[in-house]
Amino acid sequence: MGATKYASVVFCLSVVLRVTLASGISELELSKLSGAGIGSADGVPHLDLQSLESGYHGLVRENETTVEVTPRIKAVGAEICSFKIVNKHHGDAPFDIILKDDGEGEVQLKPHRTLNCEKRKNYKFDIAAVSCSGEVSENVTVHITVIDINEYAPVFLQPSYVYQVDEGRLYSEIVRVEATDRDCTPKFGDICKYEILTTEQPFTIDSEGVIRNTEPLDFEKSHNHILSVVAYDCGMKQSVPVMVTIKVNRVCRLGWKGIPERIDYAPSSGRVDLFPSAELQLCDVPCQVRQVDARVALTTAHIGKGCDRDTYSVASQRKLCGASQDSIDLLPSPASGADWAKGLQTDEGREGDQMYEFDGVTSAVAVPASVLDHNLASTFTMSTWMKHKPQPGADKHMKEHIICSADDHKMNRHHYALFVRNCRLILLLRRDYSDGDQNNFRPAEWRWKLPQVCDDVWHHYAVEVKFPDVQLYVDGQLFKTERKNPEIIDDWPLHPTKGINTTVTVGACWQGSENKMKHYFHGYLAGLSVLLHRTERAEVLTCLHKCKESLEVPAMELLEPGMELLTNSDLTELSIKGDNKTNLEVLMRRVGYTNSREFPTPGRRNLHISTTITCDHGKVLKVPSLESYVMVLQPQEPTISINGTSNLARDYEDFRQGVRVFTDVHVTVGSVTGTKHNHDISSVEKKLDSCSVSVYPSLNPDHETLSLPENMLSQFGVVAKVNKDGVVVSGADLIYNYEQILRQIQYTNRKPAYYLNRVFKLICSELNGRFLSNEYVQTLTVIHPRMTGSKSTEQPHLADKHNHEHLDVHEKKPSHDHAPQPAHAHVDRHHVEMHPAQVLSEDHSLMDGVQAVTGASHAVTIIIVVCVGFLLFMIILGVIRIRAAHHRANQEEIADTEMAWDDSALTITVNPMEQMNGSSPSNGQGPASAGGRVRGEHCDDDDSSDDGSSYRDDDLDSTDEEEEEVESGKHKDLEWDNSTLTI
């Protein structure tokens with residue numbers, strides 16, 4: 001069977017051969033064609049590859065045994081039984097060629113050991129296919145590349161690094177560290193990053209391993225800096241840390257050591273030493289030191305008026321320092337009622353008193369003659385706070401007036417002035433013409449040359465005049481007169497003029513002939529005041545300028561011979577000089593800072609330290625200056641609490657005579673809740689500077705007043721302003737004194753029937769409103785008379801100048817029970833003067849009585865009806881007013897109860913004969929006059945019982961008063977004739 005199959009195949013091939021030969025195909029091409037088609041047992045194999053020169057390329061990972069070859073290795077042309085490596089280009093080919101079992105002649109390469117890229121990265125060898133008949137194909141080259149994996153971490157070339165640097169320098173390169181990686185490819189074998197693991201060190205490292213410092217090193221802070229450094233390859237594999245030690249060499253530099261950059265200061269902590277570790281290093285000064293001069297300056301220009309003073313108003317500061325109360329404030333707060341000062345611009349954002357900014361162009365204000373007498377006395381004190389600096393490009397001879405008195409029109413004569421010119425403070429004081437003195441030269445101008453005038457810092461100036469003697473106080477210190485300082489200019493007295501008055505201005509000077517302001521001031525002013533007929537005491541001026549924060553000088557017993565210690569008046573600058581370096585350091589270590597304010601302004605106070613060294617031959621060496629600062633921490637703010645009996649009830653008569661609003665008010669001051677020292681502070685020790693009592697709605701000046709104890713106000717030196725909106729009590733004083741004043745505030749109401757209650761709100765403050773109290777609400781309730789519950793008969797007696805008979809009003813309890821009356825209900829008697837009348841019946845109703853009167857006189861009936869209608873109108877109006885004022889839904893019922901007629905037991909008895917006689921014209925009392933009397937009486941009674949009305953019934957009040965006047969003027973004409981009305 002096999003022979004037959006083989007013979008068939010041979011026959012077929014011979015047929016194909018003949019056909020191809022007939023077609024012109026060569027025998028060689030035919031052999032290739034037959035080999036490509038079907039493997040022959042005795043054919044020659046060849047590798048299935050388009051180009052034998054390109055060969056095969058394979059990839060294998062270090063940790064794997066599978067080789068990925070491109071293209072696939074496959075032999076054709078014969079039945080393949082094996083492959084073999086026929087040429088090893090580099091002497092090693094650790095691969096096995098495994099023939100697959102699919103009979104397709106395809107093989108797979110596998111390494112027979114684990115490959116290592118670091119040892120050998122590439123392999124190259126030739127392979128050939130072997131057929132089952134032993135035929136061998138042509139050789140084809142195989143290229144194998146071993147793929148690297150990141151199996152090695154970077155390693156530093158040195159186990160540790162130690163370098164030395166000098167202190168105080170910045171280096172571009174201190175040390176360079178280097179690491180390597182054994183991995184065979186750049187991806188895993190190159191170093192891409194270095195890192196310093198040690199935190200909070202003034203060093204940095206770049207990708208090249210260069211370490212440098214980011215700030216100058218200080219031997220005092222650290223002698224050595226030990227860094228832990230690691231390296232990363234490009235696969236981000238981290239190395240083992242290496243230790244880098246940088247030693248700091250101490251370098252002697254001329255200057256101070258041990259000066260802290262920041263000193264924290266807690267409020268109420270007293271004195272704090274600023275430089276306890278100060279040390280002056282002279283090193284190798286190239287001369288023999290003769291003197292060392294160290295200066296410490298505390299900068300506080302940004303705090304208030306250049307210092308952390310108690311932040312009270314000018315008036316309160318003057319009061320606390322014991323200044324005269326007669327001083328006139330020419331720059332008052334607009335809120336104090338000084339409308340003429342509202343046009344000035346205040347320097348916002350400051351604590352304490354008002355600081356006014358003058359722009360040198362339009363800022364000026366005229367002082368009313370009612371505030372200051374324009375004619376100064378021969379003795380006076382003029383003082384002010386001023387902050388001024390020269391204006392660039394301005395004429396140095398230009399005047400800048402602080403205060404000026406000049407002619408109001410026609411002329412430009414300046415009578416007196418205080419102004420600045422060319423950084424000089426100048427006082428002008430021209431005397432008026434007087435008999436016998438018109439031809440004498442007298443001092444008229446004083447010119448002080450002061451550096452403070454143009455240093456752009458707040459200073460206090462006070463000019464005391466006892467003509468012709470003039471003294472100047474600068475920052476509380478008497479200016480020492482020098483030669484030609486002040487420069488005194490004499491002048492003639494002013495000649496008299498008629499019809500010309502003066503105008504006093506602040507911030508400029510009035511030019512009468514031009515009718516406008518000129519010579520404007522450019523700068524800041526505060527606390528400008530004038531005290532007439534006396535001079536202020538020197539200790540008061542010192543107190544006004546006294547600073548609450550300052551430098552604390554060392555104890556004088558520490559000062560050794562040859563050393564000198566100087567300070568300025570504010571204790572903000574201190575100078576230590578001498579030839580003893582050791583003693584200089586001791587004194588510097590004892591320089592302190594203190595702030596005696598209980599609630600200081602928090603923030604930064606800069607310190608500047610400058611030092612100079614003087615050699616024997618006179619050469620001066622300047623030591624590098626140092627900057628430090630004191631940080632004043634936020635104080636614990638106090639709590640001001642007001643308490644007392646918040647609801648008080650008083651009778652009608654008490655309100656008419658006057659009621660104390662805050663009878664038992666109590667003010668306490670304590671620290672912030674939650675702090676360690678949360679306790680009340682005695683009111684005897686603490687102060688308030690303002691208390692405000694507000695009334696809403698506003699007081700009706702026709703019948704409501706608030707009064708204060710004038711004797712207490714004068715005794716305590718406290719100012720009170722009363723208006724329709726309430727009371728403002730101002731002036732720094734003890735809490736105890738404020739309590740006494742508040743308890744004496746009296747409220748008077750001549751018409752308490754219009755009110756159910758009155759509400760007062762009290763708020764107190766400290767340090768010019770910096771700390772505010774709670775809002776204490778005091779309610780005064782009017783106790784209205786209650787209705788009588790039992791059956792009774794009242795006979796009111798109203799005497800008049802004609803001694804007429806009375807109107808008896810009988811009040812009987814109805815058979816049914818009444819609901820309880822409200823506390824403010826008011827039942828009043830309705831009095832009508834009538835002659836004795838005959839009692840007809842007690843069972844008649846109100847309308848029966850009215851009809852009886854109608855039978856006697858038709859005019860009287862009309863009048864009564866009108867009065868009843870008016871009464872009903874008043875009831876409705878009262879209900880509307882009560883609901884609008886108090887927003888209470890139940891007031892309508894109360895008002896109806898108050899104002900309704902109780903007609904359950906009303907009897908009117910009329911004597912017809914008396915009525916007929918009274919209607920005759922002969923007695924002068926006709927129906928019209930009687931009707932007018934009844935209307936007036938009823939309206940008056942209704943007004944007295946309208947206890948639900950509001951104080952806003954101004955038109956009703958005026959009407960009542962007019963009717964009362966008419967009643968008193970026509971008493972005789974408005975009486976009932978010969979009749980008696982009993983209710």
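Just so you know, these numbers use all the heavy atoms, side chains as well, and skip hydrogens, waters and symmetry mates. The chain is numbered in sequence order, starting from 1. Given the structure is predicted, the values throughout are model-derived calculations rather than measurements.
A donor-acceptor pair under 3.5 Å links the side-chain atoms of E585 to the main chain of L280, judged by distance alone. Here the side chain of T384 pairs no donor or acceptor atom with the backbone of M386 at under 3.5 angstrom. Under the 3.5 Å distance criterion, the side-chain polar atoms of S690 are left unmatched by any main-chain donor or acceptor of S765. In terms of modelled atom types and a separation under 3.5 Å, the side chain of S628 and the main chain of L607 share no donor-acceptor contact. Remark: side-chain polar atoms of T611 are not paired, donor with acceptor, to backbone N or O of A294 under 3.5 angstrom. Between the side chain of D359 and the backbone N or O of T362, at least one donor-acceptor pair lies under 3.5 Å. In this structure, S550 contributes its side chain and T572 its backbone to no donor-acceptor pair below 3.5 Å. Counting only distance, with no hydrogens or angles, the side chain of N422 and the backbone of R424 share no donor-acceptor pair below 3.5 Å. With hydrogens and angles disregarded, a donor-acceptor distance shorter than 3.5 Å links the side chain of N213 to the backbone of Y171. A donor-acceptor pair under 3.5 Å is absent between the side-chain atoms of D166 and the main chain of N249, judged by distance alone.
Contact detail for P600 and V632: the closest heavy-atom pair is CG-CG1, 4.0 Å. The two residues G578 and M563 come nearest to each other via the heavy atoms CA-SD, 3.5 Å. Across P241 and L197, no two heavy atoms sit closer than the pair CG-CD1, 4.3 Å. For V210 against S172, the heavy-atom pair with the smallest separation is CG1-O, 4.0 Å. Between C252 and Q281 the shortest heavy-atom distance is CA-OE1, 4.4 Å. A pairwise comparison of heavy atoms in L571 and T567 identifies CD2-OG1, 3.5 Å as the closest pair.
A 6.0 Å sphere centred on NZ of K581 holds more than 12 heavy atoms belonging to other residues, nucleotides or ligands. For E261, the CD atom is loosely surrounded, since the number of other residues' heavy atoms within 6.0 Å does not exceed 12.
Taking CD of Q452 as the start and CG of D455 as the end, the distance is 6.5 Å to the nearest 0.5 Å. Atom CZ of R271 is separated from atom OG of S596 by 14.0 Å, given to the nearest 0.5 angstrom. Between atom CD of residue E215 and atom CG of residue L170 there is a gap of 8.5 Å, rounded to the nearest 0.5 Å. Rounded to the nearest 0.5 Å, atoms CD1 (I402) and CG (L418) are 4.5 Å apart. Considering CD of Q201 and CD1 of I211, their distance stands at 11.0 Å, rounded to 0.5 Å. Expressed to the nearest 0.5 Å, how far NZ of K389 lies from SG of C423 amounts to 12.5 Å.
Relative orientation of the W458 and Y524 rings is tilted, given thresholds of 30° and 60° on the angle between their planes. Between Y194 and F156, the angle of the ring planes lies from 30° to 60°, which puts this pair in the tilted group.
Y265 has its ring centre less than 6.0 Å from the ring centre of Y593. Between H225 and F203, the ring centre distance stays below 6.0 Å. Aromatic ring centres of H388 and F521: separated by under 6.0 Å.
Between I403 and H401 the shortest side-chain heavy-atom distance does not fall below 4.5 Å. Counting heavy atoms from C-beta on, the side chains of L525 and L331 come closer than 4.5 Å. Counting only heavy atoms from C-beta outward, the side chains of I226 and M243 approach each other to under 4.5 Å. Side-chain contact check for L425 versus L472: some heavy-atom pair is nearer than 4.5 Å. Using a 4.5 Å heavy-atom cutoff, the side chains of L217 and K221 are not in contact. In this structure the side chain of R605 never reaches within 4.5 angstrom of the side chain of M631, judged on heavy atoms. In this structure, the side chains of V289 and L282 come closer than 4.5 Å at one or more pairs of heavy atoms. You'll find the side chain of V506 reaches within 4.5 Å of the side chain of L528, heavy atoms only.
Paired with V177 under the rule side-chain contact (heavy atoms from CB on, under 4.5 Å), one option of V230, L157, V244, L227 passes, and it is V244.
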Would you please test R295 and D293 for side-chain contact (heavy atoms from CB on, under 4.5 Å) and show each step? CA-CA 7 Å; R295 296 177 181 270; D293 185 0; 3.5 Å; yes
Could you go through H459 and D475, starting from their C-alpha distance and side-chain angles, then the distance that decides it, and tell me whether this counts as side-chain hydrogen bond (donor to acceptor under 3.5 Å, both in side chains)? CA-CA 6 Å; H459 295 284; D475 293 336; 2.7 Å; yes
Kindly determine whether E400 and H519 satisfy side-chain hydrogen bond (donor to acceptor under 3.5 Å, both in side chains), including the steps that lead there. CA-CA 5 Å; E400 298 181 56; H519 310 304; over 6 Å; no
Assess whether side-chain contact (heavy atoms from CB on, under 4.5 Å) is satisfied between W448 and V453, documenting all intermediate values. CA-CA 10 Å; W448 291 276; V453 172; over 6 Å; no
Please report the C-alpha distance between C287 and H617 in whole Å, then the side-chain angles of each, then the deciding distance to 0.1 Å, and finally whether the side-chain contact (heavy atoms from CB on, under 4.5 Å) criterion is met. CA-CA 8 Å; C287 68; H617 51 76; 3.8 Å; yes
Candidate pair V457 and K387, rule side-chain contact (heavy atoms from CB on, under 4.5 Å), full reasoning: CA-CA 5 Å; V457 175; K387 179 182 178 182; 5.8 Å; no
Run the side-chain hydrogen bond (donor to acceptor under 3.5 Å, both in side chains) test on N580 and E560 for me, step by step, so that the C-alpha distance in whole Å, both residues' side-chain angles and the decisive distance to 0.1 Å come before the verdict. CA-CA 8 Å; N580 191 330; E560 295 184 1; 2.9 Å; yes
Could you give me the CA-CA distance, side-chain angles and deciding distance for S529 and S383, then say whether side-chain hydrogen bond (donor to acceptor under 3.5 Å, both in side chains) is met? CA-CA 6 Å; S529 62; S383 61; 3.1 Å; yes
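Between the side chains of N485 and R483, no donor-acceptor pair of N or O atoms lies under 3.5 Å.
No salt bridge links E279 with K257; every basic N to acidic carboxylate O contact stays at or beyond 4.0 Å. A salt bridge links R262 with D264: the distance from a Lys NZ or Arg NE/NH1/NH2 to an Asp or Glu carboxylate oxygen falls below 4.0 Å. Salt-bridge formation is detected for the pair R590/D273: a Lys NZ or Arg NE/NH1/NH2 atom is positioned less than 4.0 Å from an Asp or Glu carboxylate oxygen.
A cation-pi arrangement is not found for R250 relative to F219, the charged atom failing to lie both closer than 6.0 Å to the ring centre and inside a 45° cone about the ring normal.
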